[in-house]
Amino acid sequence: MDAALTAFLTQRPTPEIAAALLGKQLQLTTATGQLTAWITETEAYLGAQDAGAHAFKNHQTTRNSALWQPAGTIYIYQMRTQFLLNIVTQAAGVPECVLIRGIEPDRGLAQMQQNRSVPLQNLTTGPGKLMQALGLDKTLNNTPLTVATLNLALTPVRQPRHIVAGPRVGILNKGDWTTVPLRYYVAGNPFVSQSKKRDQDQQNHGWQPSTISGGNDNL
DNA sequence: AGGGTGATGTCCT
DNA sequence: GGACATCACCCTT
C-alpha cells in the first residue's frame, strides 16, 4: 500500500476521512481504458461500537472479514441485487470503513453509460448505481487499493465549496446511531443520491471553480 | 407509496 | 432448516 494513502486513511478519525474523501478521485483500469470519477458522497461506519455497521460488536463473518484488514483494503458486499463499495480505514484489526455513495464521472463516461444505460442524471447517484456504472462486482472484495485495478488517487483533487453532514441512509431503529451525522456530500453536486434538482449547482456542481480546471472531457 | 428482487447473517425452532 | 432483517434499485400505482 502506498505510504501517503495509508497515512490519509489512518491519521485521523474515520468521519474526518469520509469528509476528506469528497473531491478525491477513483480510478479504475479496464480492458477498454481508464474510468475516473470524483467522489461526491460518503458515509462513515465506526466499527464495533456502531449499531449501523457490519462490524457491530466486532462480529466477524465470511462477508465482512475485509473490515479487519489494513487501511486501503476494498470491502465490497452485496445488498439485494446490488454491490456496495467501501474503503477500509484505520489500523488492521480496527473494523472501520467509508461507504462510497456517489461519484461524478470524469474520464470514460461513454463506457460507464454502456455499463448502465440510463440518463446521466441517474447514472452514479447511489452506491449500487455507481458500481453498475463502473462494471464492478464482488471480485475486488478484500483486495488492497493500488494492487487492484481500482485505485484511490489523492491528486488530482477537487475542492467542495461546502460539505453537508446528515444522518446515514437506511439506518433504522439503531438508537443514537440512526441520527448521528456520518453522511457527507458535496452541497449542490448533482451526483449525490436523493438530491433534488432545485438544490443542484448546474454551473460548478458544488466544486470550488478554481479546482475544476481541465481534465474533464466528458461533462 | 408500495411491491419484487434474492445474498448473507442472525435468531430461532 | 426456516423466518426475518438488511448501508438499493426498479417498476408500477
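Every chain is numbered from 1 and lettered A, B, ... according to where its sequence line falls, protein lines coming before strand lines. Predicted model only: the values in this text are computed from it and were never measured. No hydrogens, no waters, no symmetry mates; every other heavy atom, side chains included, goes into these values.
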Quick one: side chain to side chain donor-acceptor pair (under 3.5 Å) partners of A:Arg12, sequence neighbours excluded? none
Applying the 4.5 Å side-chain criterion to the ILVMFWY set and letting contacts propagate, would A:Leu84 and A:Tyr184 be lumped into a single cluster? no
Ignoring hydrogens and geometry, is there a side-chain-to-backbone donor-acceptor pair from A:Arg116 to A:Leu123 under 3.5 Å? yes
Dot-bracket, DNA chain C: Watson-Crick or G-U, under 3.5 angstrom, [ ] crossing, | other strand? ||||||.|||||.
In this structure, CG of A:Leu26 is separated from CD1 of A:Ile100 (nearest 0.5 Å) by 5.5 Å
Could you see if A:Leu134 belongs to whatever hydrophobic cluster contains A:Leu22? Use Ile, Leu, Val, Met, Phe, Trp, Tyr and a side-chain cutoff under 4.5 Å. yes
Closest non-hydrogen atoms of A:Leu154 and A:Val157, given as atom of the first, atom of the second and distance, are O-CB, 3.9 Å
Among residues at least two apart in sequence or on other chains, which ones pass side chain to side chain donor-acceptor pair (under 3.5 Å) with A:Thr211? none
To the nearest 0.5 Å, what is the distance between CD on A:Glu41 and CD1 on A:Ile103? 11.5 Å
Whole-Å distance separating the CG atom of A:Asp137 from the C1' atom of C:dA8: 17 Å
How close or far is atom C1' of C:dC7 from atom CE of A:Met131, stated in whole angstroms? 13 Å
Atom pair CZ/CG of A:Arg107 and A:Leu109 - distance to nearest 0.5 Å: 12.5 Å
Of A:Gly126 and A:Asn173, the one whose closest DNA chain C nucleotide lies more 5': A:Asn173
Span that lies between the P atom of B:dG4 and that of C:dC4, in whole angstrom: 15 Å
Test item: side-chain donor near acceptor, A:Thr30 and A:Gln111, under 3.5 Å: no
In whole angstroms, the gap separating C1' of B:dA7 from CG of A:Asn141 amounts to 13 Å
Value for CG (A:Leu35) from CG (A:Asn115), rounded to nearest 0.5 Å, stands at 7.0 Å
Tell me which residues in residues 91-103 of chain A put a heavy atom below 4.0 Å from DNA chain C, sorted by number, or none. A:Leu99, A:Arg101
Polar pairs (N or O, both sides) under 3.5 Å between protein and nucleotides 10-12 of chain C?
| from | atom 1 | to | atom 2 | distance (Å) |
| --- | --- | --- | --- | --- |
| C:dC10 | OP1 | A:Arg116 | NH1 | 2.5 |
| C:dC10 | OP1 | A:Arg116 | NH2 | 2.9 |

Strictly under 4.0 angstrom, non-hydrogen atoms only: write out the protein contact profile of nucleotides 8-13 of chain B, one letter per nucleotide from the 5' end, B, S or -. SSS---
Within the 4.0 Å heavy-atom criterion, would you say A:Gly52 contacts the bases, only the backbone, or no part of the nucleic acid? base
A:Leu130 vs A:Lys174, nearer the 5' end of DNA chain C by closest nucleotide: A:Lys174
Heavy-atom count check: over 12 atoms from other residues, nucleotides or ligands less than 6.0 Å from A:Gln202 CD? yes
Distance check, rounded to the nearest 0.5 Å: A:Asp50 atom CG versus A:Phe56 atom CZ? 8.0 Å
Round to a whole Å and report the spacing from CG of A:Leu67 to P of C:dC7. 13 Å
Linked, directly or transitively: A:Leu67 and A:Leu182 (ILVMFWY side chains, under 4.5 Å): no
Whole-Å distance between C:dC7 C1' and A:Phe83 CZ? 15 Å
Whole angstrom value for the distance that separates C1' of C:dA5 from CD1 of A:Ile171: 12 Å
